[in-house]
Amino acid sequence: MYRQCIAMEDDDLYTAPCLLVPPNPSFQCSESKAPHYVLFTCNVPNSSSRLEFACRSPSCGALHENEPSVHDQRSEQDEDECHVDPNFFDAGYTMAGSTGFTIWTGTRLLIEALCWRQDCYCDRLITIQRRLVNARVLELGAGVGVVGAYIAASLGGTVLLTDLPTLVENAIEDNLARNETRHCQMDTHQVNQTKDSHFWLGTHPRRIGNGWASSTPLDWTRPIHEQLTPLQCQSIDFIVASDVVFLISMLQSLLNTVSALFASSSHNDPSFLLSFQRRDSKDGEESASFTTVNRVIREVKGRGWSCHCLAWRPVMVMKEGDNGEVAKVESQVFVFEIRP
């Protein structure tokens with residue numbers, strides 16, 4: 001039986017037991033070493049196919065303990081290579097942007113929540129899953145492209161993945177090409193849907209499983225109408241983002257961009273689906289740099305938007321303590337629906 005989701009009026013409610021979602025044993029991920037990169041793979045619902053993503057470094061919190069990881073297989077040469085960022089001097093590139101080359105904890109829960117089914121899911125999440133089928137989705141801060149490509153492949157969506165130019169050119173486009181489905185037969189309805197998808201996505205759309213995807217740069221500090229076509233701005237069904245709000249400066253820019261997208265696609269009544277891991281610093285709410293879960297919710301509600309927690313789960317992550325030693329600690333990862 002499905003359960004009710006909870007609106008965030010009380011900051012403690014986002015860890016309500018009724019919204020706790022255990023890992024889905026059918027969803028399996030792994031990573032392996034390849035020359036000059038790490039290959040992250042995951043299976044797709046109701047399909048024998050797997051999606052593959054090249055990353056610069058091992059994932060962080062996206063794998064379960066029993067899943068193959070490269071963390072224990074790294075050599076000193078691997079460590080040296082990871083400290084050399086070939087895009088460090090790219091225009092508009094930042095250290096925060098460099099985190100996009102890694103797959104983080106929120107990616108896994110967001111994929112599970114949107115693309116897999118469990119009896120414990122709340123009613124609101126089930127409704128969102130149904131609406132996502134064949135929807136037009138814009139992803140913000142797509143990183144290496146896992147979430148957007150997965151939504152296209154499993155739900156038949158038309159997905160526009162966006163990030164900084166460096167990520168688009170050096171990660172997203174390559175990974176979309178890696179997962180492109182070729183030589184697939186289509187009926188008349190699928191042919192018409194393909195034409196619509198191509199028109200909305202613009203240049204270089206790629207067939208990914210049951211859907212279509214493309215990518216384009218999007219800088220959150222610039223107006224969206226300068227970077228997206230009028231059709232892209234005005235016909236969004238869902239906005240999605242994963243692990244993009246750990247810095248306060250990023251949070252404000254993100255919400256400003258979401259606000260502009262809400263306004264431009266208001267007739268579609270879009271939702272913003274956001275996942276992120278709790279990364280509260282030792283300074284807590286007083287931190288001048290890092291966001292907290294409470295701060296994110298407060299900023300959302302301060303704009304007059306609603307915020308519903310759809311799912312959460314505890315995760316084990318590596319964290320540096322006050323003594324400088326790194327150890328595994330328990331944190332939480334969340335999926336929220338935000339609406340104007």
Side-chain angles (χ1 to χ4, degrees), residues 36-40 51-57 59 84-104 106-107 110-111 136-153 157-181 197-209 211-233 236 238-247 250 253-254 256-258 260-261 264 272 274-275:
H36 310 300
Y37 64 89
V38 173
L39 188 66
F40 184 92
L51 299 181
E52 300 181 345
F53 302 90
C55 313
R56 288 193 179 166
S57 58
S59 60
V84 178
D85 189 338
N87 302 109
F88 185 80
F89 296 103
D90 287 5
Y93 189 58
T94 64
M95 292 304 294
S98 68
T99 62
F101 287 104
T102 300
I103 298 173
W104 299 89
T107 293
L110 186 59
I111 287 174
R136 287 180 173 176
V137 180
L138 186 140
E139 182 178 7
L140 298 172
V144 298
V146 179
V147 172
Y150 205 95
I151 291 174
T158 300
V159 187
L160 183 62
L161 292 78
T162 71
D163 211 312
L164 296 172
T166 297
L167 272 300
V168 171
E169 297 166 8
N170 295 281
I172 299 173
E173 267 303 309
D174 290 342
N175 282 325
L176 291 181
R178 179 185 296 273
N179 291 290
E180 186 172 7
T181 303
S197 298
H198 284 202
F199 191 53
W200 188 68
L201 290 174
T203 58
H204 306 302
R206 298 184 186 275
R207 180 82 177 186
I208 311 291
W212 291 90
S214 185
S215 63
T216 192
L218 185 64
D219 183 339
W220 300 345
T221 65
R222 293 175 50 207
I224 60 170
H225 67 268
E226 295 180 359
Q227 307 174 79
L228 302 175
T229 68
L231 182 61
Q232 289 168 344
C233 292
I236 298 168
F238 286 93
I239 307 161
V240 299
S242 174
D243 283 312
V244 295
V245 292
F246 64 95
L247 293 178
M250 295 169 63
S253 298
L254 171 71
N256 289 341
T257 299
V258 171
L261 294 170
S264 63
F272 176 35
L274 173 69
S275 71

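Nothing fancy with the numbering, it's 1 onward along the sequence. If you're wondering where the values come from, they're calculated on a predicted model, not measured in any experiment. Only this structure's heavy atoms are used, side chains among them; waters, hydrogens and symmetry mates stay out.
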Of all the heavy-atom pairs spanning [X] and [Y], show the shortest one and how long it is.
X: Ser57; Y: Thr102; result: OG-OG1, 2.7 Å
X: Trp200; Y: Leu231; result: NE1-O, 3.3 Å
X: Ala213; Y: Leu176; result: CB-CD2, 4.0 Å

Measure the [atom1]-[atom2] distance between [X] and [Y] for me, rounded to the nearest 0.5 Å.
X: Leu160; Y: Ser197; atom1: CG; atom2: OG; result: 11.5 Å
X: Leu51; Y: Phe40; atom1: CG; atom2: CZ; result: 10.0 Å
X: Ile172; Y: Thr166; atom1: CD1; atom2: OG1; result: 10.5 Å
X: Arg207; Y: His198; atom1: CZ; atom2: NE2; result: 8.5 Å
X: Ser215; Y: Glu169; atom1: OG; atom2: CD; result: 9.0 Å
X: Trp212; Y: Thr181; atom1: CH2; atom2: OG1; result: 9.0 Å

For Arg206, salt bridge (charged side-chain N to carboxylate O under 4.0 Å, His left out) partners two or more places apart: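 Testing Arg206 for salt bridge (charged side-chain N to carboxylate O under 4.0 Å, His left out), a comparison that skips the adjacent residues, returns Glu173, Glu180.
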
Which residues share a side-chain hydrogen bond (donor to acceptor under 3.5 Å, both in side chains) with Thr162, sequence neighbours left out: none

Sequence-distant partners of Ser275, side-chain hydrogen bond (donor to acceptor under 3.5 Å, both in side chains), two or more places apart: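 In terms of side-chain hydrogen bond (donor to acceptor under 3.5 Å, both in side chains), with neighbours along the sequence ignored, Ser275 is linked to Ser242.
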
All ring pair (Phe, Tyr, Trp, His ring centres under 6.0 Å) counterparts of Phe53, not counting sequence neighbours: none

Output all residues satisfying side-chain contact (heavy atoms from CB on, under 4.5 Å) with [X], sequence neighbours left out; order by chain, then residue number.
X: Thr257; answer: Leu140, Leu218, Trp220, Ile224, Leu261
X: Arg178; answer: Tyr37, Leu39, Glu52, Ala54, Asn175
X: Ala171; answer: Phe101, Val144, Leu167
X: Asn256; answer: Arg303

Exam field: side chain Asp243 to backbone Gly106, donor-acceptor pair closer than 3.5 Å: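 Such a contact is found between Asp243 side chain and Gly106 backbone.
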
Criterion side chain to side chain contact (heavy atoms under 4.5 Å, CB included) on Val244 and Glu139, from CA distance to verdict: CA-CA 11 Å; Val244 295; Glu139 182 178 7; over 6 Å; no

Test side chain to side chain contact (heavy atoms under 4.5 Å, CB included) applied to Val146 and Trp104, step by step: CA-CA 10 Å; Val146 179; Trp104 299 89; over 6 Å; no

Intermediate values then yes/no, side chain to side chain contact (heavy atoms under 4.5 Å, CB included), Gln227 and Asp219: CA-CA 8 Å; Gln227 307 174 79; Asp219 183 339; 3.5 Å; yes

